**Q** 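The structure that follows is given in the form of structure tokens.
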Amino acid sequence: MKDKINAYHKIRRTIQGSRNELHLQTCTIMIGIFTVRYKDESMRVLLKNEVENKRNEILTLRTKYKNVAY
């Protein structure tokens with residue numbers, strides 16, 4: 001159980017530190033491996049939500065700074 005929680009927190013910290021779409025895709029692969037190894041759907045859903053929130057944040061920042069440049 002402790003390994004599962006540690007893995008969850010490491011993936012979550014990695015997602016929060018992501019700065020681009022490619023890194024988020026890597027995080028999605030890590031979530032897939034987590035799901036196969038621990039078979040915990042509730043944590044998988046939480047991690048997927050983290051990825052989607054971070055993806056939206058990156059898109060918002062990209063749009064914001066793209067508009068400022070012009």
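For the numbers below, each heavy atom of this structure counts, side chains included, while hydrogens, waters and symmetry mates do not. Numbers here are sequence positions counted from 1. Note that the structure is predicted; figures quoted are calculated from it, not measured.
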**Q** If you compare all heavy atoms of Val51 against all heavy atoms of Thr28, which two are closest, and at what distance to 0.1 Å?
**A**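 Heavy atoms only, the tightest pair is CG1-OG1, 4.1 Å.
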
**Q** Around atom NZ of Lys4, are there more than 12 heavy atoms of other residues, nucleotides or ligands at under 6.0 Å?
**A**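 Buried by this count: over 12 neighbours within 6.0 Å.
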
**Q** Taking atom OH of Tyr38 and atom CE of Met43, what is their separation to the nearest 0.5 Å?
**A**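 Interatomic distance, Tyr38 OH to Met43 CE, rounded to 0.5 Å: 10.0 Å.
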
**Q** Taking atom CD1 of Ile11 and atom CD of Glu50, what is their separation to the nearest 0.5 Å?
**A**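 These two atoms lie 11.0 Å from each other.
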
**Q** To the nearest 0.5 Å, how far apart are CD in Gln16 and NZ in Lys54?
**A**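 It is 5.5 Å, given to the nearest 0.5 Å.
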
**Q** How far does CG of Leu47 sit from OG1 of Thr35, to the nearest 0.5 angstrom?
**A**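 Answer for the CG-OG1 pair, Leu47 versus Thr35, is 7.5 Å.
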
**Q** Between Leu46 and Tyr8, is the side-chain contact (heavy atoms from CB on, under 4.5 Å) condition met? List the steps.
**A** CA-CA 9 Å; Leu46 290 173; Tyr8 170 78; 3.9 Å; yes

**Q** Quick one: OG1 on Thr26 to CD on Glu21, what's the gap to the nearest 0.5 Å?
**A**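 Answer for the OG1-CD pair, Thr26 versus Glu21, is 10.0 Å.
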
**Q** Where is the tightest heavy-atom contact between Ile31 and Lys48, given as atom of each residue plus distance?
**A**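 The answer is CD1-N, 4.2 Å.
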
**Q** Which value, rounded to the nearest 0.5 Å, describes the distance between Leu61 atom CG and Arg19 atom CZ?
**A**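 With rounding to 0.5 Å, CG (Leu61) is 10.0 Å from CZ (Arg19).
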
**Q** Between Ile58 and Ser18, what is the shortest heavy-atom contact and its length?
**A**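 Closest approach of Ile58 to Ser18, heavy atoms only: CD1-O, 4.3 Å.
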
